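Each chain gets a letter, A, B and so on, in the order the sequences are listed, and its residues count up from 1. Please read all numbers here as calculations on a predicted model, not as lab measurements.
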There are 2 protein chains.
Amino acid sequence: MAQRAASKRPLVTAPPAFPKPGHNHARCAADALAKAEAVCTARGTRLTDIRRQVLATVWQSHVPVGAYEILAQLNSGGGTPRSHKSRALTARGGRHAPMAVYRALEFLMGNGLVHRLASLNAYIGCAHRGEDPHAAQFLICRRCGITAELKSAALNRALNQAVTERGFTIDSQLVEIGGICPHCRPKP
Amino acid sequence: MAQRAASKRPLVTAPPAFPKPGHNHARCAADALAKAEAVCTARGTRLTDIRRQVLATVWQSHVPVGAYEILAQLNSGGGTPRSHKSRALTARGGRHAPMAVYRALEFLMGNGLVHRLASLNAYIGCAHRGEDPHAAQFLICRRCGITAELKSAALNRALNQAVTERGFTIDSQLVEIGGICPHCRPKP
DNA sequence: TGGTATAATGTTATATTATAACATATTCAA
DNA sequence: TTGAATATGTTATAATATAACATTATACCA
């Protein structure tokens with residue numbers, strides 16, 4: 001595959017490519033968990049059991065997961081989810097109630113380790129873990145579900161300009177793009 | 001129209017300013033309703049009673065409204081909402097069930113007359129009514145709640161580039177910016 | 001004009017996502 | 001070791017949204 005030389009190469013602007021289908025995901029997950037430990041230690045916050053479990057669940061793949069799906073996995077022993085019905089009856093036999101998950105997610109989001117996807121009501125591990133809570137943009141493949149976190153300076157610039165031009169002061173942003181990822185797109 | 005202003009002046013790109021606090025809103029609403037009639041006639045779709053009522057409710061202000069708030073207003077006679085409790089018991093005395101509202105909203109969104117704000121679970125009248133369903137960006141003031149629809153070519157360009165650069169094909173986009181609007185911002 | 005297909009609405013029930021409020025337990029540090 | 005702060009347990013419920021099937025209205029056309 002000969003590449004066009006210097007001329008037309010886009011600058012090194014597309015760094016964290018879309019996660020490939022066959023990549024070593026165990027490593028993604030392990031890295032994320034390790035990084036999270038470090039972040040929490042550094043910040044003096046505590047990555048407790050539940051929080052770690054929730055984080056691990058979120059990192060099972062690059063597909064966002066719902067809070068109740070996380071709950072089901074927690075309550076089924078961490079392996080594969082048993083059923084969606086283990087909802088209210090967390091009492092004796094079961095384990096956790098929804099609150100446990102939501103609280104863990106809140107903590108993880110507050111520490112920049114997880115993001116929420118408003119368009120899906122689902123959660124995903126932060127690809128820039130280790131940084132403070134930050135604005136993020138997401139590319140969501142509607143075929144495979146895999147979601148990549150985007151960090152485009154150009155996009156942020158455009159966004160800031162478009163907005164401040166109108167006298168608006170940004171607090172928070174939510175950018176979620178749906179479509180087809182490079183690996184699901186039919187090859188030419 | 002297309003002008004290459006010589007100097008550094010930002011082009012005249014901020015057309016539909018943030019709705020002003022004291023503007024003639026009755027007119028916004030009336031216009032929107034009229035436009036909606038026209039759009040539906042043109043498309044051969046029907047702007048029925050409920051749909052019109054829902055649209056009118058959405059256009060009561062520039063602040064997004066929740067589905068159940070719309071429902072409450074419908075069920076209280078179109079005036080001010082009576083209570084949030086008129087939920088399930090739409091049977092005899094009441095009027096509409098949630099489905100009615102959601103169906104109307106679905107129709108209105110399908111016809112490009114209303115948008116949904118995922119970050120608020122709320123709905124707002126489309127400022128570009130008359131156009132086909134379209135991608136939109138929103139500025140949401142966290143103080144007054146007023147939300148403006150943004151249409152920035154530059155932003156769209158940046159967004160498309162950042163995304164296609166990564167081999168992604170866009171289907172849908174969701175851009176919601178939270179912050180302080182020009183009218184709520186403390187003057188210098 | 002009447003019949004019929006389509007579209008719209010009614011109605012009931014329930015799914016899904018998220019939070020409130022208060023009780024108990026754990027941790028850390030003085 | 002005690003007490004404040006933090007974390008979790010527990011119960012209940014809020015808020016948002018959809019499924020499924022029955023009924024009614026509308027439009028079209030033979």
Report the relative orientation of the aromatic rings in A:His25 and A:His62; use parallel for angles under 30°, tilted for 30 to 60°, perpendicular for over 60°.
perpendicular
Within this structure, what is the CD-to-P distance between B:Glu106 and D:dT16, rounded to whole angstrom?
18 Å
Selection from D:dA17, D:dT11, D:dA20 that lies nearest to any side-chain heavy atom of B:Met99
D:dA20
Over 12 non-hydrogen atoms of neighbours within 6.0 angstrom of CZ in B:Arg143
no
For B:Asn111 and C:dA7, give me the distance from atom CG to atom P, rounded to whole Å.
14 Å
Is B:Phe138 linked to B:Leu174 within one hydrophobic cluster, defined over Ile, Leu, Val, Met, Phe, Trp and Tyr using a side-chain heavy-atom separation of less than 4.5 Å?
no
Do the side-chain N or O atoms of B:Tyr102 get closer than 4.0 angstrom to the phosphate oxygens (OP1, OP2) of C:dA15?
no
Could you pull out every donor-acceptor pair under 3.5 Å between side chains of residues 117-126 of chain B and any protein atom, sequence neighbours left out?
{"residue": "B:Ser119", "atom": "OG", "partner": "B:Glu176", "partner atom": "OE1", "Å": "2.4"}
{"residue": "B:Asn121", "atom": "OD1", "partner": "B:Arg116", "partner atom": "NH2", "Å": "2.9"}
{"residue": "B:Tyr123", "atom": "OH", "partner": "B:Arg116", "partner atom": "NE", "Å": "3.4"}

A:Ile177 side chain reached by A:Ile140 side chain, heavy atoms, under 4.5 Å
no
Which whole-number value in Å describes the distance from A:Tyr123 OH to C:dT16 P?
16 Å
Is it the case that atom CD in A:Glu37 sees more than 12 heavy atoms from other parts of the structure closer than 6.0 Å?
yes
Ring-on-base stacking between B:Tyr68 and D:dT16, under 5.5 Å between centres and under 30° between planes: is it there?
yes
Please report, rounded to the nearest Å, how far the P atom of D:dA17 is from the CG atom of B:Leu120.
11 Å
Measure from CG on A:Leu74 to C1' on D:dG9 and round the result to the nearest Å.
14 Å
Testing A:Lys151, A:His115, A:Lys35, A:Glu149 for side-chain hydrogen bond (donor to acceptor under 3.5 Å, both in side chains) with A:His128, which one passes?
A:Glu149
Rounded interatomic separation in angstrom, taking CG from A:Leu71 and C1' from C:dT16:
13 Å
Filtered N/O pairs between nucleotides 4-8 of chain D and protein, under 3.5 Å:
{"residue": "D:dA7", "atom": "OP1", "partner": "A:Arg51", "partner atom": "NH1", "Å": "3.1"}
{"residue": "D:dA7", "atom": "O5'", "partner": "A:Arg51", "partner atom": "NH2", "Å": "3.4"}
{"residue": "D:dT8", "atom": "OP1", "partner": "A:Thr48", "partner atom": "OG1", "Å": "2.5"}

In whole Å, I'd like the distance from the CG atom of B:Leu47 to the C1' atom of C:dA8.
13 Å
Starting from C1' on D:dA15, measure out to CG on B:Leu117 and report it in whole angstrom.
17 Å
